[in-house]
S.K.: 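Please see the structure below; I have some questions.
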Amino acid sequence: MSEHKVRALALLSGGLDSTLSALIMQKHGIEVKGIVFVTPFSSSEVDLRRISESKRAYYCKVGIDVDVYEIVEEYFEIVKNPLHGYGKNLNPCIDCKILFLRKAKELLGKYGADFIITGEVLGQRPMSQVLNSLLHIEKEAGVGGLVIRPLSGKLLPPTKPELDGIIKREWLLAIKGRGRKEQLELARELGLKEFQQPAGGCLLTVPGFSERLRKVLLRNELDLFHVALIKLGRHFFINGKRLIIGRNEKENQEILRITSDKFIIFEPISTKGPIAVFESPDLDIESLNTILKIVARYCDKKENVEFSIKLPSGQSFSYQIEKPFDPSEVERYRNQ
């Protein structure tokens, strides 16, 4: 009878802590399968497929075999109604961790895995990484005793894999708090050179993005299209309708790609400047002047700027604006 090969599922985010945790277990002979759960808020990239490909490519270089799973509608629900509330911004951290652990539990049988690995560090996050929260999250997810946290394991109660003797407690570390010195030293020891900065993956922890998302939630527009929109450009509101102005050529092209058949497009033709799009299918003369005075502020030449305007119907025309708004007037429309 062959000896049972110990396997684990490692929940990976692209960040340093989760990557180190998987590598520590690999170092001690555990067969690690990486699991990456991609949500619409995992990256500033607007395309989920590209986010998934980026995660796969990173872990291939690191030496961890991964499968990527996209979670959209279930994640939208916890963003709209987090049972355990938000963190500092619109990050539903506790509900997020419960969801990911539940998903991981469902995959244990598929991969023949014995337990789950996470990169959590005791005391690193005040909401979700204190002992009571860690234990509550496990219980809610139905994985009590099955989660190994290699970076802080010596500071936590013994887990089922330890009690069963399939991993040794001396393999685990005793890192706690928000410092990064020990993790960075460990990364050097393990030869890990590329990783995200702390909280570098979740847009819901970013104040500016969260503020945009609040408007989306208030307007009951939470879907992939609107999440992609708020990742791009400068945002303004004219009569309750969104105006988006690109900040560089890449954003210009992304904005056009996802809005070209839905929004009105404005492009300066007498000088260099950004692409802008407006979500209303209708355009009165007052709104037209307001929009172009805002967009002209970001053009190379700011006075007597001629624009090409293309409607969703395909009809197009040109229009010239003499002077842009001054910066304070522009900001007034940003904050509506």
Side-chain angles (χ1 to χ4, degrees), residues 8-39 41-45 51 53-66 68 87-89 91 93-94 96-97 100-101 104 115-131 133-134 137 147-157 159 161-162 167-207 209:
L9 297 185
L11 297 189
L12 301 170
S13 65
L16 177 58
D17 293 346
S18 62
T19 305
L20 288 175
S21 296
L23 293 176
I24 289 169
M25 290 291 99
Q26 280 189 340
K27 178 182 175 182
H28 290 290
I30 303 299
E31 186 176 296
V32 174
K33 179 69 177 186
I35 300 296
V36 178
F37 292 126
V38 167
T39 81
F41 309 103
S42 296
S43 166
S44 57
E45 169 61 62
I51 299 174
E53 289 173 354
S54 174
K55 298 289 188 183
R56 286 193 187 95
Y58 169 71
Y59 284 110
C60 180
K61 288 194 292 183
V62 170
I64 302 172
D65 180 42
V66 302
V68 180
K88 188 175 180 181
N89 294 292
N91 42 313
C93 292
I94 291 179
C96 174
K97 291 179 183 298
F100 285 1
L101 285 174
F115 59 91
I116 298 164
I117 301 165
T118 76
E120 292 160 307
V121 172
L122 188 65
Q124 189 179 86
R125 299 280 182 267
M127 183 176 180
S128 61
Q129 293 184 20
V130 295
L131 181 58
S133 293
L134 293 175
I137 289 166
V147 182
I148 298 293
R149 300 174 175 90
L151 297 180
S152 293
K154 285 182 178 176
L155 303 174
L156 300 170
T159 59
E162 293 173 76
I167 71 165
K168 297 180 180 180
R169 196 164 180 83
E170 55 262 34
W171 298 350
L172 310 178
L173 305 178
I175 300 174
K176 64 178 179 179
R178 307 191 67 167
R180 310 293 292 172
K181 183 178 178 180
E182 292 172 278
Q183 288 98 314
L184 292 171
E185 179 60 33
L186 183 59
R188 284 190 287 270
E189 291 175 9
L190 294 173
L192 182 63
K193 297 179 180 179
E194 295 182 27
F195 48 86
Q196 287 181 341
Q197 294 304 309
C202 183
L203 292 175
L204 297 171
T205 66
V206 179
F209 181 85

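Everything numeric in this text was worked out from a predicted model, so none of it was measured.
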S.K.: Before you tell me yes or no, could you show the steps for Ile30 and Ile167 under side-chain contact (heavy atoms from CB on, under 4.5 Å), namely the whole-Å CA-CA distance, both residues' side-chain angles and the distance that decides it to 0.1 Å?
M.R.: CA-CA 8 Å; Ile30 303 299; Ile167 71 165; 4.0 Å; yes

S.K.: Specify whether Phe209 and Phe41 have parallel, tilted or perpendicular ring planes, treating 30° as the upper limit for parallel and 60° as the lower limit for perpendicular.
M.R.: perpendicular

S.K.: Give me the atom names and distance for the closest heavy-atom approach of Asn89 to Asn91.
M.R.: N-OD1, 3.0 Å

S.K.: Please examine the side chains of Lys168 and Trp171, heavy atoms only from C-beta on, and report whether any two atoms are closer than 4.5 Å.
M.R.: yes

S.K.: Using the rule side-chain contact (heavy atoms from CB on, under 4.5 Å), only one of Lys27, Gln26, Met25 pairs with Leu23; which is it?
M.R.: Gln26

S.K.: Measure the OG-CD1 distance between Ser42 and Ile51 for me, rounded to the nearest 0.5 Å.
M.R.: 6.0 Å

S.K.: Does a side-chain N-to-carboxylate-O contact under 4.0 Å join Glu53 and Arg56?
M.R.: no

S.K.: For Ala10 and Ala22, work out which heavy atoms get closest and say how close.
M.R.: CB-CB, 3.9 Å

S.K.: Inspect the contact between Lys154 and Glu170 and indicate whether a charged nitrogen and a carboxylate oxygen are less than 4.0 angstrom apart.
M.R.: no

S.K.: Looking only at atom types and distance, does a side-chain atom of Lys55 sit under 3.5 Å from a main-chain N or O of Ser13, one as donor and one as acceptor?
M.R.: yes

S.K.: Would you say Leu16 and Leu184 make side-chain contact, with heavy atoms under 4.5 Å?
M.R.: yes

S.K.: Can you check whether Glu182's main-chain N or O pairs, donor with acceptor, with Glu185's side chain at less than 3.5 Å?
M.R.: no

S.K.: Treating Ser152 as the side-chain partner and Ile175 as the backbone partner, does any N or O pair qualify as donor plus acceptor under 3.5 Å?
M.R.: yes

S.K.: If you take all heavy atoms of Ser18 and Tyr59, which pair is closest and at what distance?
M.R.: OG-OH, 4.0 Å

S.K.: Do you know which two heavy atoms are closest between Arg169 and Leu156, and how far apart they sit?
M.R.: NH2-O, 2.5 Å

S.K.: Thinking salt bridges, do Arg180 and Asp17 make one under a 4.0 Å N-O criterion?
M.R.: yes

S.K.: Locate the shortest heavy-atom distance separating Ala104 from Ile116; write the atom from each residue and the value.
M.R.: CB-CD1, 3.8 Å

S.K.: Dump the intermediate steps for side-chain contact (heavy atoms from CB on, under 4.5 Å) on Glu120 and Lys97, then the final yes or no.
M.R.: CA-CA 10 Å; Glu120 292 160 307; Lys97 291 179 183 298; 3.4 Å; yes

S.K.: Determine whether Leu11 and Leu9 make a side-chain contact, defined as any pair of heavy atoms from C-beta on separated by less than 4.5 Å.
M.R.: no

S.K.: Quick one: does Cys60's side chain get under 4.5 Å of Asp65's, heavy atoms only?
M.R.: no

S.K.: Is the shortest heavy-atom distance from the side chain of Leu12 to the side chain of Ile64 under 4.5 Å?
M.R.: yes

S.K.: Tell me, do Leu172 and Glu162 make a side-chain contact under 4.5 Å, heavy atoms counted?
M.R.: yes

S.K.: Can you tell if the side chain of Thr19 reaches within under 4.5 Å of the side chain of Tyr58, non-hydrogen atoms only?
M.R.: yes

S.K.: Can you find a pair of side-chain heavy atoms, one from Leu186 and one from Leu190, that are under 4.5 Å apart?
M.R.: yes

S.K.: Considering non-hydrogen atoms only, spot the tightest contact between Leu20 and Gln183 and give its length.
M.R.: CD1-O, 3.5 Å

S.K.: Would you check if the side chain of Thr205 reaches a backbone N or O of Cys202 as a donor-acceptor pair within less than 3.5 Å?
M.R.: yes

S.K.: Would you find a donor on one side and an acceptor on the other, under 3.5 Å apart, between the side chain of Thr118 and the backbone of Arg149?
M.R.: no

